[in-house]
Protein chains: 2
Amino acid sequence: MLVRDIRQELERYRAICRARGIPCTRQRLAILEAVLTRTNHPTADEVHATVTRRLRSVSRPTVYRVLEELVEMGLIGKACHPGKAVRFDRRTDLHHHLVCLRCNSIIDISDPRLDAVQVPDTRKYGFKVSDFRVQLRGLCTKCLKREEEK
Amino acid sequence: MLVRDIRQELERYRAICRARGIPCTRQRLAILEAVLTRTNHPTADEVHATVTRRLRSVSRPTVYRVLEELVEMGLIGKACHPGKAVRFDRRTDLHHHLVCLRCNSIIDISDPRLDAVQVPDTRKYGFKVSDFRVQLRGLCTKCLKREEEK
DNA sequence: TTAAGTGCAAAAGCTTTGCGGGTAG
DNA sequence: CTACCCGCAAAGCTTTTGCACTTAA
């Protein structure tokens, strides 16, 4: 993500906070910036590590609380993955994922043909679809290499 | 899954164990059966609860170990989801998921149009795709209802 | 018989909660 | 000034590890 776009997102966040009467603290801004700056799909703990590099003594509970709040606000998303720690996604627009079944890492991909998926009727499940992701599952470079070494 | 199919899968498991010289214990059979019998996508803990109903005193570590082993063998899969506890999937064939972003529940769906997704070239990422899932994300019946009540 | 599997206990890893002091508006 | 946020500590879940005993083949 470009520095310009990150600034813009942070400004948008400030506006939303003002509108809702939520205090826009240094911690909140640093946490959002940490997610937007990353190119992968970090866990809460990884975000915490990034944030504390700049702003010492931001606590883990605050990171968890704020990340959840940012998801609620729709500024970031949660990524679907096969592992155990929740992973966050700086992108909320239509895009897709390469998911490594060995190390659970996720890589973003964009492809117009994947965007063109026809969402089927899910009314019989009582389920309301808001968006979709195509997950291409397999092995990433690292895990592939380790596999070959065996 | 039909009782007949479950029997068949268990038999297949026995054969694989024999071939590999792995002891086919009561615990292993009970754990595989527990996953195959469920219609949802249980966590390891939920599998443990199901198993201990029949076979008292199967330990949690055993459930975790065996589930991982079954995934390695390709008899069951892991489901991608936005939550924190790993979820298992009795189906390993091509199918897709409705994923609730509120409660992380997963519902299987089959749709020929979703199966027809054209997998793009991922060589530039060094990533080897083995299969794919389309994840339709949104809110399940329960969470939708709770949302309306607010 | 014997190699491997299992249960137990404990530790490690991830996430949430409650509360008193601190701070943005 | 005041309501809300934050850090701390502690608890709660989820998963893994090491070891001695048991068991399938």
Side-chain angles (χ1 to χ4, degrees), chain A residues 10 13-32 34-35 41-52 54-73 76 78-79 81-88 102-105, chain B residues 10-11 13-32 34-35 41-52 54-73 76 78-79 81-88 102-104:
Chain A
L10 291 175
Y13 181 36
R14 258 189 267 264
I16 294 174
C17 286
R18 256 193 303 272
R20 295 202 191 183
I22 293 172
C24 196
T25 59
R26 282 167 293 150
Q27 290 90 333
R28 280 190 163 107
L29 286 167
I31 291 165
L32 175 55
V35 178
H41 298 70
T43 63
D45 210 55
E46 289 165 349
V47 174
H48 179 250
T50 302
V51 169
T52 49
R54 279 228 226 150
L55 207 63
R56 290 203 326 274
S57 89
V58 173
S59 69
R60 231 175 282 270
T62 294
V63 172
Y64 278 89
R65 278 187 290 242
V66 172
L67 285 172
E68 212 56 53
E69 191 183 75
L70 291 169
V71 171
E72 282 297 312
M73 289 178 167
I76 62 174
K78 280 187 185 177
H81 63 99
K84 63 182 174 180
V86 174
R87 285 171 178 277
F88 296 88
R102 179 86 69 222
C103 70
N104 304 326
S105 66
Chain B
L10 292 175
E11 206 43 61
Y13 182 36
R14 256 189 269 265
I16 294 174
C17 287
R18 258 194 302 271
R20 295 202 191 183
I22 293 171
C24 196
T25 60
R26 282 168 293 152
Q27 289 91 334
R28 280 190 164 108
L29 286 167
I31 291 165
L32 175 55
V35 178
H41 299 71
T43 63
D45 210 54
E46 288 165 349
V47 173
H48 178 250
T50 303
V51 169
T52 48
R54 280 228 227 151
L55 208 63
R56 292 204 326 272
S57 90
V58 172
S59 70
R60 230 175 282 269
T62 294
V63 173
Y64 278 89
R65 279 186 290 240
V66 171
L67 285 172
E68 212 56 53
E69 190 184 73
L70 290 169
V71 171
E72 282 297 313
M73 289 178 168
I76 63 174
K78 281 187 184 175
H81 64 98
K84 63 181 174 180
V86 174
R87 284 170 179 277
F88 295 88
R102 181 86 68 222
C103 70
N104 304 327

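In what follows, chains carry the letters A, B, and so on, assigned in the order in which the sequence lines appear, proteins first and then strands, with residues in each chain numbered from 1.
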Which pair of non-hydrogen atoms, one from Glu72(A) and one from Arg102(B), has the smallest distance, and what is that distance?
OE2-NH1, 3.5 Å

Proximity to the side chain of Tyr64(A) - top-ranked nucleotide from dC8(C), dT16(C), dT6(C):
dT16(C)

Could you tell me whether the side chain of Arg28(B) reaches within less than 4.5 Å of the side chain of Ile22(B), counting heavy atoms only?
yes

What is the minimum heavy-atom distance between Thr52(B) and Ser57(B), and which atoms define it?
CG2-N, 4.5 Å

Test side-chain contact (heavy atoms from CB on, under 4.5 Å) applied to Val58(B) and Val63(B), Thr25(B), Val66(B), the passing residue
Val63(B)

Phosphate oxygens OP1/OP2 of dG7(C): is one of them under 4.0 Å from a side-chain N or O of Ser59(B)?
yes

Do the side chains of Phe88(B) and Leu70(B) get nearer than 4.5 Å, heavy atoms only?
no

Side chain to side chain, Leu32(A) and Leu67(A), heavy atoms closer than 4.5 Å:
no

Of Pro61(A) and Val66(A), the one whose nearest nucleotide on DNA chain D sits closer to the 5' end is Val66(A)

Report the distance from atom CD of Glu46(A) to atom C1' of dT15(C), rounded to the nearest whole Å.
15 Å

Using a 4.0 Å heavy-atom cut-off across all strands, classify Ser57(B) as base, sugar-phosphate, or nothing.
sugar-phosphate

From CZ of Arg20(B) across to C1' of dA3(C) the rounded distance in Å is 17 Å

Between Lys78(B) and Pro82(A), the two heavy atoms sitting closest are CD-O, 3.8 Å

Respond yes when some side-chain nitrogen or oxygen of Arg65(B) is under 4.0 Å from OP1 or OP2 of dG5(C), and no when none is.
no

First contact, last contact: which nucleotides of DNA chain D are these for chain A, 5' to 3', heavy-atom distance under 4.0 Å?
dC5(D) to dT15(D)

Rounded distance (Å) that lies between atom P of dA12(C) and atom NZ of Lys84(A):
13 Å

Nucleotide dT15(C), atom C1' - distance to NE2 of His48(A) in whole Å:
13 Å

Divergence of helical axes at both termini of the helix from dT1(C)-dA25(D) to dG25(C)-dC1(D) - five pairs an end, 10° steps
40°

Tell me, do His48(A) and Tyr64(A) make a side-chain contact under 4.5 Å, heavy atoms counted?
no

Along nucleotides 20-25 of chain C, 5' to 3', which nucleotides get a B, which get an S, and which get a -, given that the test is a protein heavy-atom distance under 4.0 Å?
----SS

Look only at the side chain of Glu46(A) and the backbone of Thr43(A), and say whether a donor-acceptor pair between them is shorter than 3.5 Å.
yes

Glu68(A) CD to dT15(C) P, in whole Å, measures 10 Å

Need one value for Arg28(A): base, sugar-phosphate or nothing, where a base atom within 4.0 Å counts as base even if backbone is also close, heavy atoms only.
sugar-phosphate

Would you say the side-chain atoms of Arg87(B) pair up with the backbone N or O of His41(B), donor to acceptor, closer than 3.5 Å?
yes

